[in-house]
Structure formats: C-alpha cells, structure tokens
S.K.: 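First the structure, then my questions, so here it is.
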Amino acid sequence: MKNTVSIIGGGPSGFLLAAFLNSEKFNITIYEKNKTAGRKFLVAGKGGFNLTHSEPISQMINRYTPSKFLEASLQSFTNTDFRNWLNTIGIPTYVGSSKRVYPVEGIKPIEVLNAILKQLKKNAVSIKYEQVFSGWDANMHPIINNKSNQADYTIFSLGGGSWKITGSDGNWLNTFTKKGILSSPFKASNCAFQIPWADQFIKENEGKPLKNIAISCQKATQKGEAVITKFGLEGNAIYALSPQIREQLKYHATAKIYLDFKPTLTEEQLLTKIKSSTQKNTTATLKKELKLSSPQINLLKTQLSKESYLNLDTLAKSIKNLPLQITNTAVIDEAISTVGGVQLDAITPNFEIKQLPNQYCIGEMVDWDAPTGGYLLQACASMGVSLAKHLNSSF
C-alpha cells in the first residue's frame, strides 16, 4: 500500500518535490489555497524570467545566507541539473549576458508553469484548489478547510511574506508560532532601501540608473546597477547586500553603503586621468574623461562640499568610495522576497520539523536569504528535489 504525501502550498518548491517523488511509492496531493497554482511564479516572470544562474555551483552556494544550510540541497540538485530537467519537460534555456538563465526566446512564464503542471500530471500528482491550512488538530494532523488531513507525510511549502496579491501573505507564521515552532518575524529582502535624498536631487534624478557600479556594505561588494528612486535606491547591485544592510539597521538603526562608480579603475588611475585632463572644469572632466553619467556626477555634488568636489584627491577617493546612509527598508509587500519564517534550529537537515515527526518545511517559508538573479528559485527547486530524494530513499 502506498504512503500518502500532502504538500500544502502550490509553489516552486512544492512543485519540484511533487515532480521528483516516486509515485509508485506515494500518493501525492498538493493543497493550494488559491483558485490556481503558481501565482507568485507567474508574477516573478513579468520582470525578466530568470530561472537560475549559470555560475559554478561552488560559487553559487556562497550567494546564500547562511550558505551551509543549503549546500547539500544545491549539490544534490544543481543549476545544471535544473536546466537539464527543464529541457526534458520542453523548456530549453539559455545563458544571458548577465549569466542568468532564461527560457529561450518566445517561451512565456505561463508556458513554463504549464509544462511543470503537465509533468506533475504524468507523475499522478493530484492538485486541489481553494484548500486553506489553519492549524493542527489534537493528534497533530494539519487542518485543511476545517478537516483533519491524516497523511503519512506532510510538507509545508507556504511561501514567505512578500507579494500578498499572489497569496504569499505569510499569515501562516502566527499559526506556527502559536504551535511553539521556532519562528522569526518576516523582514523585507531584495527591496528598495531608504536614503534621505534632497528634494532638488530627486527632482533631477528620480528614476535614473547608476550603471556599471559596485556597492559595498561591511565586507561584501556587489557589482551591477542601481536605480535612484524617491524612496532611495533599488536594483541588483544593492539587493545582494540585503543581509549586511539589515544587520546594520538592526544594531545601529542606520546602515552605511559605499558606491564605487568606476570598479574597473584604481584610485590612482582615476587621479591620473583627472589631473591630466585638458577639460575646462571638473564636471567636464568627469563626463568626458571618466564617462560618468549625469546622475553619478549629481550624486557626487550632493554628497560632497564644493571644496571637496574641487579637491582632486578627495574627488578621486569619493568616486571610488562614496558613502551613503540608509535609514530603512521598503515595506514587506513591496519586497521581492523576505527573510524570517521557520528558524533553521526548528528543522532537521532534511527539513523535518523537530517537534512534528513526518512534517516538513521547504521553500521561502524557512529563514534563509538569497539575492535576485535566479538564486531564489534555484534554492526552492533544490530543497524540493532534495527532500523528494530523501523520502524516496526511505522505502
């Protein structure tokens, strides 16, 4: 007789778990609270549908916080494995200039989702919609739509706290906390960060990009692009520093980041270029000799005194290491992802809830972090496949 598996939550980690479970050993059912599955998956695809990242898995592991938590899962189902699997279900991929991995041109997010759902159907997976988890009964069985769900194995894949419109509202957290499962409040990650810009600076620069820069916080540095907003800064160059920024905000109420407008040049090289320039003034030198954009120059002028701006040594230092103060994160519902949720101490290395045998947590509902660029989706997929392999090997 087959064991029963209930997967609560229809998102990427639950999908990959269901796809890789052995249907000859298990009767598999996904319980999704929405009328359709994969809503956050589809919304994420609107902004550039990067499925994973192409960098070597040894490097990729270090993108996660904490990296050791996900190492075994990522090694068990690597970014190469993910691309190969997608290809087998009819979703070929390619590596873009940013080294992110996308479906080949013309394949839309809904087609990727439908290919995955088709694969689940082939694996005899049943999906039930409008199924709401609300807690546990006296025998520790999950309650779904006010009825006890007595599966042999229950896997929670309930998502984080961002993008409530998709159903990923994090409302389950209070239920888990009341049950005594170690949990942490959600916090915004991969989000905009608040910088108290001057009104005139915003009037002239709002919505403009800072391209080909590097941003540092504590000991971490990320190259990429950021966009100036009325609220502050957002973009891949600052998203990846979310853990370091949040840590400073937690302990100091503010955080310091440092902008490098010319990551490919040393301070000495910059100074040589500035001093040897034949341009009439400093601003012309920055535009013509260093190819700084107007927003970059405006930012330097805003943050430096007139004397510092005209002092060539100080200017070169500032181009390489311009400090900015962050005062807050964006609200959770405007974040791409969240940290918080079920604490790592509450689960085993195989994601089993320590106080609830045969019940597991995977995906973004667990307290780990990753930057954008395919890392979030890869980790969710790897966790699902890793747990599937563990359960398959148990029988």
Side-chain angles (χ1 to χ4, degrees), residues 47-48 50 53-55 95-100 102 190 192-193 195-241 244-245 255-326 371-373:
N50 38 189
H53 200 282
S54 65
E55 69 182 346
V95 178
S97 58
S98 63
K99 297 189 178 180
R100 299 180 182 191
Y102 301 89
N190 292 301
F193 290 94
I195 297 173
W197 302 123
D199 291 341
Q200 186 61 32
F201 177 78
I202 284 299
K203 184 178 179 180
E204 295 175 358
N205 300 281
E206 183 180 2
K208 294 181 179 178
L210 300 170
K211 295 184 176 182
N212 302 315
I213 64 170
I215 304 179
S216 300
C217 184
Q218 296 179 337
K219 295 181 179 180
T221 300
Q222 179 65 39
K223 293 181 180 179
E225 181 176 316
V227 176
I228 298 166
T229 69
K230 184 179 292 186
F231 183 74
L233 278 180
E234 60 180 78
N236 66 342
I238 197 166
Y239 291 161
L241 302 174
Q244 292 79 16
I245 294 171
K256 270 282 184 70
I257 60 171
Y258 297 86
L259 273 57
D260 180 352
F261 292 139
K262 285 292 175 182
T264 59
L265 297 176
T266 66
E267 184 181 320
E268 291 74 17
Q269 288 171 325
L270 284 173
L271 193 56
T272 298
K273 281 179 172 286
I274 294 170
K275 288 183 175 180
S276 62
S277 174
T278 58
Q279 300 299 323
K280 292 182 180 180
N281 57 50
T282 301
T283 299
T285 296
L286 297 182
K287 283 184 178 180
K288 300 292 185 179
E289 303 292 349
L290 299 186
K291 310 298 183 186
L292 293 190
S293 66
S294 293
Q296 290 173 329
I297 295 170
N298 290 340
L299 191 48
L300 286 165
K301 287 180 176 179
T302 298
Q303 299 301 310
L304 299 177
S305 66
K306 184 176 181 180
E307 291 75 17
S308 294
Y309 182 75
L310 296 176
N311 182 299
L312 301 187
D313 291 288
T314 302
L315 181 60
K317 284 183 170 65
S318 298
I319 292 170
K320 289 296 294 179
N321 203 40
L322 184 69
L324 292 177
Q325 181 171 278
I326 289 173
T372 57

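Everything quoted here is computed from the prediction, not taken from an experiment. Note: hydrogens, waters and symmetry copies are ignored here, and every other heavy atom, side chains too, is used.
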S.K.: Given side chains that start at C-beta, do those of Leu286 and Gln296 come closer than 4.5 Å, heavy atoms only?
M.R.: no
S.K.: Can you tell me how far OG of Ser308 sits from CD of Gln303, rounded to the nearest 0.5 angstrom?
M.R.: 11.5 Å
S.K.: Near Lys208 NZ, under 6.0 Å, is it more than 12 heavy atoms from other residues, nucleotides or ligands?
M.R.: yes
S.K.: Please confirm whether the backbone N or O of Phe201 pairs with a side-chain atom of Asn205, one donor and one acceptor, at under 3.5 Å?
M.R.: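 Between the backbone of Phe201 and the side chain of Asn205 there is a qualifying donor-acceptor contact (under 3.5 Å).
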S.K.: Pick out which of Leu210, Leu304, Leu292 makes a side-chain contact (heavy atoms from CB on, under 4.5 Å) with Leu299.
M.R.: Leu210
S.K.: Please check if the side chain of Ser54 supplies one atom and the backbone of Lys99 the other of a donor-acceptor pair under 3.5 Å.
M.R.: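 Judged by distance alone, yes, a pair lies under 3.5 Å.
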S.K.: Please report the interatomic distance CD(Glu289) to NZ(Lys291), rounded to the nearest 0.5 Å.
M.R.: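 Reported to 0.5 Å precision, the distance equals 7.5 Å.
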S.K.: In terms of side-chain heavy atoms, does Tyr258 have a donor or acceptor partner in Thr221 at a distance below 3.5 Å?
M.R.: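 No, no side-chain donor-acceptor contact under 3.5 Å.
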S.K.: Take Arg100 and Thr372 through the side-chain contact (heavy atoms from CB on, under 4.5 Å) test and state the conclusion after the steps.
M.R.: CA-CA 10 Å; Arg100 299 180 182 191; Thr372 57; 4.1 Å; yes
S.K.: Between the main-chain N or O of Gly232 and the side-chain N or O of Trp197, is there a donor-acceptor pair closer than 3.5 Å?
M.R.: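 Yes, because the side chain of Trp197 sits within donor-acceptor range (under 3.5 Å) of the backbone of Gly232.
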S.K.: Please step through side-chain contact (heavy atoms from CB on, under 4.5 Å) for the pair Lys275 and Leu271, ending with a clear verdict.
M.R.: CA-CA 6 Å; Lys275 288 183 175 180; Leu271 193 56; 3.7 Å; yes
S.K.: Which pair of non-hydrogen atoms, one from Ala237 and one from Gly224, has the smallest distance, and what is that distance?
M.R.: CB-C, 3.8 Å
S.K.: Does Asn281, at its CG atom, have more than 12 non-hydrogen atoms belonging to other residues, nucleotides or ligands within less than 6.0 Å?
M.R.: yes
S.K.: Grab the two heavy atoms, one from Phe193 and one from Phe231, that are nearest each other, plus how far apart they are.
M.R.: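 Heavy-atom minimum between the residues: C-CE2, 3.6 Å.
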S.K.: Write down the atom of Pro295, the atom of Ile228, and the distance for their closest heavy-atom approach.
M.R.: CB-CD1, 4.0 Å
S.K.: Could you check if a side-chain atom of Gln222 sits within less than 4.5 angstrom of a side-chain atom of Ile238, using non-hydrogen atoms only?
M.R.: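 Not in contact.
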S.K.: Which atom pair, heavy atoms only, marks the closest approach of Ala226 to Leu233?
M.R.: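 Where Ala226 meets Leu233 most closely, the heavy atoms are CB-CD2, 4.2 Å.
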S.K.: Which one of Thr285, Thr272, Thr282 satisfies the side chain to side chain donor-acceptor pair (under 3.5 Å) criterion with Ser277?
M.R.: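 Considering Thr285, Thr272, Thr282, a side chain to side chain donor-acceptor pair (under 3.5 Å) with Ser277 is found only for Thr285.
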S.K.: Between Leu265 and Lys273, is the side-chain contact (heavy atoms from CB on, under 4.5 Å) condition met? List the steps.
M.R.: CA-CA 10 Å; Leu265 297 176; Lys273 281 179 172 286; 4.1 Å; yes
S.K.: How many angstroms lie between OG1 in Thr229 and CD1 in Ile202, if you round to the nearest 0.5 Å?
M.R.: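 CD1 of Ile202 is found 6.5 Å from OG1 of Thr229.
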S.K.: Would you give the length of the straight line joining atom OG1 of Thr314 to atom CD1 of Ile319, rounded to the nearest 0.5 angstrom?
M.R.: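 Thr314 atom OG1 to Ile319 atom CD1 measures 11.0 Å (nearest 0.5 Å).
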S.K.: Does the Lys262 side chain pair with the main chain of Lys320, one donor and one acceptor, at a distance under 3.5 Å?
M.R.: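 Between the backbone of Lys320 and the side chain of Lys262 there is no qualifying donor-acceptor contact (under 3.5 Å).
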S.K.: Closest heavy-atom contact between His53 and Ser98?
M.R.: NE2-O, 3.6 Å
S.K.: Show your working on side-chain contact (heavy atoms from CB on, under 4.5 Å) between Ile213 and Phe261 and close with a plain yes or no.
M.R.: CA-CA 5 Å; Ile213 64 170; Phe261 292 139; 3.9 Å; yes
S.K.: For the CG atom of Leu322 and the OG atom of Ser216, what is their distance to the nearest 0.5 Å?
M.R.: 12.0 Å
S.K.: Applying side-chain hydrogen bond (donor to acceptor under 3.5 Å, both in side chains), run through Ser318 and Tyr309 and close with a yes or a no.
M.R.: CA-CA 9 Å; Ser318 298; Tyr309 182 75; over 6 Å; no
S.K.: Return the CD1 to CD1 distance between Ile245 and Ile326, rounded to the nearest 0.5 Å.
M.R.: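 Between atom CD1 of Ile245 and atom CD1 of Ile326 there are 4.0 Å.
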